[in-house]
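Presented below is the structure to which this report refers.
The chains referred to below are lettered A, B, ... by the order of the sequence lines, with proteins before strands, and numbering in each begins at 1.
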Amino acid sequence: MANIDESFRKSDRVLKRGIFLSAHQSRHVRRSRHFVVVELKERAGERKLGITASRRVGNAVQRNRVKRLIREFFRRNKSKIKNDAYFIVIAKKNSHALTYDEVFNELSRSMFKK
RNA sequence: UGAGCGAACCAGGUGAUCGCUGCUCGCUUUAUUGCGAGGGGAGGAAAGUCCGAACUCCACAGGGCAGAGCGCCGGGUAACACCCGGUGGGGGCGACCCCAAGGAAAGUGCCGCAGAAAAUAUACCGCCUUCGUUUCGUCUUUUGGCGGGGCUGAAGGUAAGGGUGAAAAGGUGAGGUAAGAGCUCACCAGUAGUCCGGGUAACCGGGUUAGCUUGGUAAACCCCGCUUGGAGCAAGACCAAAUAGGGAAGCGCUAAAGGACUGCCCGUCCGAAGCUUUCGGGUAGGUCGCUAAAGGCUGCGGGAGACCGCUGACGUAGAUGAAUGAUCACCGCCUGAUAACCGGUAACGUUUAUCAGGAACAGAAUUCGGCUUACGGGGCGCUCAGACG
RNA sequence: GGCGGUGUAGCUCAGAUGGUUAGAGCAUACGGCUCAUAUCCGUAGUGCCCGGGGUUCAAUUCCCUGCACCGCCA
């Protein structure tokens, strides 16, 4: 267990606005009950996470909580997630009351390796 | 027990595992690259952005007008529209709370409908007088006299009474009159002037004089007094790919257009072409600004208080697709139910245990001082009502 | 983060600059025209003027405060 990398640095994050905007054109979209997961496969060999939580999700506290839960899921399950794409996770407006277990169940279906 | 008022306070805790982000130290790397250790890491409102400042740039922030803001008095403060104390007014049985609270006799405007009339008062009904006309009664031989009534009648006097309205030009009583009226008088209310006393002042108390009385609205224009240049950390400074060819400085010329300084005027500055010198300017991106602060706390002193002075130790988040977290365990808190002990006739209360549920509002973005709004909790002091003793 | 603006009929907008009366177009319903539909003509309905408080006799309008939406600034 000690060797598994569960860190989450800036190199694991999507930092540029242009990449977020390019997600609108992507074809690799998976929709679930509370999230939309977009895969950007052009950047093979890198695995990064970007999160979008607009004001429709809730106030700042609720948006921060949703983003932290998604980040936590990504961090703890990096070894199981496909490592050849950028993932943009968009939170829907009904996602503000989720727990970590619910986030895990939902996102593991969309993002884990087959 | 119930209802309520006030001023403060807290904003779950501990541990384990896995993370995020600054700082310090050590090692390391081309490179704050990577590793390790230590230590720090959201709020009372961080919110709304409603005021006030610090700070930065615009010219060193200029003159006048306009505009904007404020508006009882005194004090506090860096400043304020904030705070404290008081005055006046209003609300509440009360504890206590609320008030944009200068001027309406400087001027202008507005006051729908209703009503006679809505601000120089007026005169619809009514009341009264005179005249005209008509009719009845009565006296007289008659002309006519006296008395009463009427008129879509005329002229005049009134404002007591009437209804309307948010508001009707002081109120009550007496005198007075043809009828009436502050027309006169007494008392009361109110206004203005003046005098005395108290208070730093707002203002309060009392006397006296006047006219007998001058509606509301300034969160309508306005007048008076005070304050006020504009933008805002996405301010601003620096480094600097790609792309495009220009940018900067000086000379020159100062007329105009234009631009900057504030909306306007004044004033000031820049400003065409040309020549010379020079290589920078700048988007993406990055660095600085960036956290030590009109700081809170302890003690002493001053003050009625806001607050001030001295003293001591403390050193308190700095992210930038944006950190400050996730999971688990235990403890603590609140609510409800059940049970037990104790107190009590009882309602019920304290404590303990078990079960179930809950834990609000909300996330720094340059930084402070306020205001406003959202919201969980327990204790303290006080008021009113009821019950029991 | 900062700055600015807008909320009026089902929809798009007027409105009064200065308080007392809420309007237009489209849409809807009904009637007429037509064999029928559309067009056209006529008639009608409709508003807590974004919420709360204040000033005023009276507020959609003036003032304060909250909510929602929109735009601009590197």
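The nearest whole Å value for the distance from the CG atom in A:L49 to the P atom in B:C20 is 14 Å. Remark: P of B:G325 and CD1 of A:I51 are 16 Å apart, rounded to the nearest angstrom. Here the P atom of nucleotide B:C361 and the NE2 atom of A:H96 are 12 Å apart, to the nearest Å. The separation between A:N77 atom CG and B:G19 atom C1' is 13 Å, rounded to whole Å. The distance between atom CZ of A:F104 and atom C1' of B:C18, rounded to the nearest whole Å, is 15 Å. Taking atom CD of residue A:E72 and atom P of nucleotide B:C20, one finds them 10 Å apart after rounding to whole Å. Distance, A:R76 CZ to B:U17 P: 13 Å, rounded to whole Å. Regarding A:R63, its CZ atom lies at a distance of 13 Å from the P atom of B:A47, rounded to whole Å.
Clustering ILVMFWY residues whenever any of their side-chain heavy atoms sit less than 4.5 angstrom apart, transitively, puts A:V14 in the very cluster that holds A:V29.
Residues A:I81 and A:K78 have side chains not in contact (no heavy-atom distance under 4.5 Å, counting atoms from C-beta outward). Contact check for A:F35 versus A:L98: side-chain heavy atoms found under the 4.5 Å cut-off. When side chains are defined from C-beta on, A:F74 counts as touching A:R47, because their heavy atoms get closer than 4.5 Å. A:M111 places none of its side-chain heavy atoms less than 4.5 Å from the side chain of A:K80.
In this structure, B:G44 shows a glycosidic angle within 90 degrees of zero, which is the syn conformation. Taking syn as a glycosidic angle within 90° of 0, B:U164 does not qualify and is anti. Taking 90° from 0 as the syn/anti boundary, the base of B:A219 is oriented anti. Syn is the classification of B:G182, since its glycosidic angle stays within 90° of 0. Against the 90° criterion about 0, the sugar-base torsion of B:G22 places it in the syn range.
Among all heavy-atom pairs drawn from A:E106 and A:H34, the shortest one is OE2-N, 2.7 Å. Contact between A:K67 and A:A53 at its shortest, heavy atoms only, is CD-CB, 4.0 Å. Across A:L49 and A:R71, no two heavy atoms sit closer than the pair CD2-CA, 4.1 Å. Listed here is the closest heavy atom pair of A:A91 and A:V57: O-CG2, 3.7 Å.
Between the P atoms of B:C307 and B:C196, the separation comes to 43 Å (whole Å). Spacing of P atoms, C:C64 relative to B:C82, comes out at 14 Å, to the nearest Å. One P atom belongs to B:A11, the other to B:G41, and the distance between them is 14 Å to the nearest Å. With P as the reference atom, B:A95 and B:U383 are 10 Å apart, rounded to whole Å. Look at the C1' atom in both B:G349 and B:G43: the space between them is 39 Å, to the nearest Å. Separation of the P atoms belonging to B:U122 and B:U213 is 16 Å when rounded to the nearest angstrom. Atom C1' of B:C223 sits at a distance of 31 Å from the matching atom of B:A189, rounded to the whole Å. The gap from the P atom of C:A9 to that of C:G47 amounts to 11 Å, rounded to the nearest Å.
Nucleotide B:A186 has B:U172 as its partner under the Watson-Crick or G-U criteria, with both atom distances under 3.5 Å. The partner of B:A235, taking Watson-Crick or G-U wobble pairs whose two distances both stay under 3.5 Å, does not exist in any strand shown. Pairing for C:C72 is with C:G2, a Watson-Crick or G-U wobble pair whose two hydrogen-bonding atom distances lie under 3.5 Å. In this structure B:A353 sits in a base pair with B:U338, meeting the Watson-Crick or G-U test at under 3.5 Å. Partner assigned to B:A106 is none, using Watson-Crick or G-U wobble distances below 3.5 angstrom. Across the strands present, B:A114 finds no partner; the criterion is a Watson-Crick or G-U wobble pair with both atom distances under 3.5 angstrom. Base pairing annotation: B:C251 forms a Watson-Crick or G-U wobble pair with B:G274, both donor-acceptor distances under 3.5 Å. Applying the Watson-Crick and G-U wobble criteria (two distances, each under 3.5 Å), B:U17 pairs with B:A326.
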Below 3.5 Å is the cut-off: list the nitrogen or oxygen pairs between protein and nucleotides 21-23 of chain B, distance only.
residue : atom : partner : partner atom : Å
B:U21   : OP1  : A:R13   : NH2          : 3.4

Strictly under 3.5 Å: I want the nitrogen or oxygen pairs between protein and nucleotides 66-74 of chain C, one per line.
none

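Where A:T99 and A:V61 meet RNA chain B, the nucleotide closest to each residue was compared, and A:T99 sits on the side nearer the 5' end. Mapped onto RNA chain B by nearest heavy atom, A:A60 and A:L69 fall at different nucleotides, with A:L69 at the one closer to the 5' end.
For A:R68 and B:U324, the shortest distance from a side-chain N or O to OP1 or OP2 is below 4.0 Å. An OP1 or OP2 oxygen of B:A326 is reached within less than 4.0 angstrom by a side-chain nitrogen or oxygen of A:R65. Look at A:R71 and you'll find a side-chain N or O under 4.0 angstrom from OP1 or OP2 of B:A323. Between B:A47 and A:N59, no contact under 4.0 Å exists linking OP1 or OP2 to a side-chain N or O.
Although no hydrogens or angles enter the test, the distance criterion places a donor-acceptor pair under 3.5 Å between the side chain of A:K92 and the main chain of A:S32. The main-chain N or O of A:V36 is never found under 3.5 Å from a side-chain atom of A:R31 such that the two would form a donor-acceptor pair.
The side chain of A:R75 sits closest to B:G19 out of B:A42, B:G19, B:A326. Residue A:T52 places its side chain closer to B:G321 than to any other of B:C18, B:G321, B:G363.
Note on A:V14: only backbone sugar-phosphate atoms sit closer than 4.0 angstrom, heavy atoms only; bases stay farther off.
In this view, A:E72 and A:R75, A:R76 satisfy the salt bridge (Lys or Arg N to Asp or Glu O under 4.0 Å) rule, not counting sequence neighbours.
Using bins of under 30°, 30° to 60° and over 60° for the plane-to-plane angle, the ring pair A:F104/A:F112 lands in the perpendicular bin.
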